[in-house]
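First up is the structure itself, then whatever we jot down about it.
The sequence lines fix the lettering, A, B, ..., with proteins before strands; numbering per chain opens at 1. Given the structure is predicted, the values throughout are model-derived calculations rather than measurements.
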Protein chains: 2
Amino acid sequence: MSKGEATRERIIDRAFLIAGRDGLEGLTIGALATELKLSKSGLFSHFGSKEELQVAVLDVASSRFTERVMLPAFKAPRGLPRLERIFEGWIDWMTDSKMPGGCIFQQANAELDDRQGRPHDVLLESQKNLVEALTKTVQLAITEGHFAKNADARQIAYEFEGIMMVMNLYLRLLKDRKAVDRARMAFKRLVQSNAA
Amino acid sequence: MSKGEATRERIIDRAFLIAGRDGLEGLTIGALATELKLSKSGLFSHFGSKEELQVAVLDVASSRFTERVMLPAFKAPRGLPRLERIFEGWIDWMTDSKMPGGCIFQQANAELDDRQGRPHDVLLESQKNLVEALTKTVQLAITEGHFAKNADARQIAYEFEGIMMVMNLYLRLLKDRKAVDRARMAFKRLVQSNAA
DNA sequence: GGAAAATAAGAACGGTCGTTCGAAAGTGCA
DNA sequence: TGCACTTTCGAACGACCGTTCTTATTTTCC
């Protein structure tokens, strides 16, 4: 790996954390450069525009989510066990103390949802992929007989994501100790009421 | 009402819309003044600081939510009918075409969750009130016999809010035509699986 | 080791940010 | 009408924004 690539990764790594706390807009090149002991222009030249920096952050965010939440779950047997692994992995992701700013997707969703441009498109793409991956996992749980044959995979994926989102709210803003427990209860109910 | 108060309301009214689209940070005094054909300093003098403007926006947001979602629901009989009215009112709130930027609370939650200062405190307070109001409504549905005696009111309020949050995601970012239908299905399941 | 290429720094740009201040204009009551 | 008070404006502030250049330094490879 060349020096330039290494620096670029170091930049994105830090930018990822800041964006989780302050959002993709609150992430500024000057502040980022100061934290990394780089010059503004030196940092800037790695991306060419702030938008490209934001895109790079979103890209690394989704690949990290995939590798830390989705991929490990594929080691579990398909169907419900795999869905449970995604659920627990997602909890770990959201409570990760190395991500003090919280889940970057929650930030980005709120920030980019009704905007346009590359960052929006990249986020939308990754969220669509996530929904599809979740839906497929649920669909497998149906064909495996863990869920009722007439269960609605997309609906279950939808409600699943709702649980993760409200968990984040209770964790971050309300600082509720029971945030995770309640998420587990909600998940259990989701599974049970769709059981075969 | 004095001239000053009238202007102040006009400012907050517009600020409310902008903050829903661009966030409380993206809401800038210069742009707001231009839109309202006021001078920056003239607008500024109504609040004394940007933070106070943000607080004013959050205040008006929660009072509007109360008056448009919660209060009308209290005309319905207590218990499940009232909860259903809240649910439908909340859907109207989130799909309101006069709020093109979407629900301001979703923006503010992501933006302020791990910050400090008055805006954070005001938001936290209003979200706590909301959770309490929801919980009480559910509790009444339990005592009225609409929900099982051993149902967990706080848990139901938690899951209820999760449905609203994911609905917002599907509406705003994913632009899914079925966003509202799926929310209704999720709500129906929430009610049924806690029925007496 | 030295040339070529990649990477970083420095200074400056036009803009916009929130904020301050003093003067101007408008308002409402005696 | 005159006067106190409220409301608005205009100009300016230092700070920071993203971005553009040119120059210096470092890395890479023959």
Side-chain angles (χ1 to χ4, degrees), chain A residues 1-19 21-59 107-108 111-112 115-120 122, chain B residues 1-19 21-59 101 107-108 111-112 115-122:
Chain A
M1 181 167 57
S2 73
K3 176 99 189 297
E5 289 177 61
T7 307
R8 196 185 143 98
E9 289 205 1
R10 206 165 59 93
I11 295 171
I12 296 178
D13 197 67
R14 183 67 71 99
F16 173 78
L17 295 178
I18 296 179
R21 181 164 36 94
D22 300 336
L24 287 165
E25 218 50 51
L27 169 68
T28 70
I29 292 172
L32 185 55
T34 305
E35 281 199 34
L36 293 167
K37 302 203 159 88
L38 288 172
S39 69
K40 247 173 60 165
S41 55
L43 190 154
F44 184 85
S45 65
H46 283 272
F47 302 96
S49 76
K50 178 172 182 180
E51 220 180 62
E52 281 311 301
L53 170 62
Q54 293 174 329
V55 167
V57 167
L58 286 171
D59 278 338
Q107 279 278 358
E111 229 174 325
L112 301 176
R115 241 169 269 221
Q116 41 191 15
R118 288 242 305 142
H120 166 274
V122 168
Chain B
M1 182 167 56
S2 72
K3 176 104 188 295
E5 288 176 62
T7 307
R8 194 185 144 98
E9 289 203 2
R10 206 164 59 93
I11 295 171
I12 297 178
D13 197 69
R14 183 67 69 98
F16 173 78
L17 295 178
I18 297 180
R21 181 165 36 94
D22 300 337
L24 286 165
E25 217 51 50
L27 170 67
T28 71
I29 292 172
L32 185 55
T34 304
E35 282 198 34
L36 293 167
K37 302 203 159 92
L38 288 173
S39 69
K40 246 172 60 164
S41 54
L43 190 154
F44 184 86
S45 65
H46 283 271
F47 303 95
S49 74
K50 177 171 183 179
E51 220 179 64
E52 281 311 303
L53 170 61
Q54 294 173 329
V55 167
V57 167
L58 286 171
D59 278 338
Q107 280 278 358
E111 228 174 326
L112 301 176
R115 244 171 265 221
Q116 41 190 16
R118 289 241 305 142
H120 166 273
D121 298 344
V122 169

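- One can place CG of A:Leu43 at 15 Å from P of D:dT20, the figure rounded to the nearest angstrom.
- Between B:Phe16 and B:Val57, the shortest heavy-atom distance links the atoms CA-CG1, 4.0 Å.
- In plain terms, the two heavy atoms of B:Ile11 and B:Leu36 that are nearest each other are CA-CD1, 3.7 Å.
- Whole-Å rounding puts the B:Phe44 CZ to C:dT16 C1' distance at 15 Å.
- No side-chain donor-acceptor contact under 3.5 Å links A:Arg14 to the backbone of A:Leu32.
- Looking at heavy-atom distances under 4.0 Å, B:Ser41 makes contact with a base.
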Close N/O contacts between protein and nucleotides 2-4 of chain C (under 3.5 Å):
none

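- Under a 3.5 Å cut-off, the side chain of B:Glu25 and the backbone N or O of A:Gly26 do not form any donor-acceptor pair.
- For the contact set between residues 29-37 of chain A and DNA chain D, defined by any heavy atom under 4.0 Å, the members are A:Ile29, A:Gly30.
- Between B:Met1 and B:Gly48, the residue whose closest nucleotide on DNA chain C is further toward the 5' end is B:Gly48.
- Once rounded to the nearest 0.5 Å, the distance linking CG of B:Leu17 with CD1 of B:Ile12 reads 12.5 Å.
- Taken to the nearest 0.5 Å, the CG atom of B:Leu43 stands 7.0 Å off from the CG atom of B:Leu53.
- Considering every non-hydrogen atom in both B:Arg21 and B:Gln107, the closest pair reads O-NE2, 3.2 Å.
- Atom CZ in B:Phe47 sits roughly 15 Å away from atom P in C:dT20 (whole-Å rounding).
- The distance from atom OG of A:Ser49 to atom CD1 of A:Ile29, rounded to the nearest 0.5 Å, is 8.0 Å.
- Taking 3.5 Å as the limit, the base of C:dG10 and the side chain of A:Lys40 contain no donor-acceptor pair of atoms between them.
- Between the CG atom of B:Leu27 and the C1' atom of C:dG18 there is a distance of 12 Å, rounded to whole Å.
- Backbone-only engagement by A:Leu38 is indicated by non-hydrogen atom pairs under 4.0 Å involving sugar-phosphate atoms exclusively.
- Atom NZ of A:Lys50 and atom C1' of D:dT20 are 18 Å apart (whole Å).
- For B:Glu52 and C:dG18, the CD to P distance is 15 Å, given to the nearest whole Å.
- The minimum heavy-atom distance linking B:Ala108 with B:Leu58 is given by the pair CB-CD2, 4.1 Å.
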Collect all protein-nucleotide pairs involving nucleotides 5-7 of chain C in which both atoms are nitrogen or oxygen and the distance is under 3.5 Å.
residue, atom, partner, partner atom, Å
C:dT7, OP1, A:Ser2, OG, 3.2
C:dT7, OP1, A:Gly4, N, 3.2

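- Summarising the geometry, the separation between CD on A:Glu25 and P on D:dC16 is reported as 18 Å, rounded to the nearest angstrom.
- Surrounding CZ of A:Arg115 are more than 12 heavy atoms belonging to other residues, nucleotides or ligands, all under 6.0 Å away.
- One N or O on the side chain of B:Arg8 and one on the backbone of B:His46 form a donor-acceptor pair closer than 3.5 Å.
- Put simply, CD on B:Glu9 is 16 Å from C1' on D:dT7, counting in whole angstrom units.
- Of the possible polar contacts, one joining the A:Gln54 side chain to the A:Leu24 backbone as a donor-acceptor pair under 3.5 Å is found.
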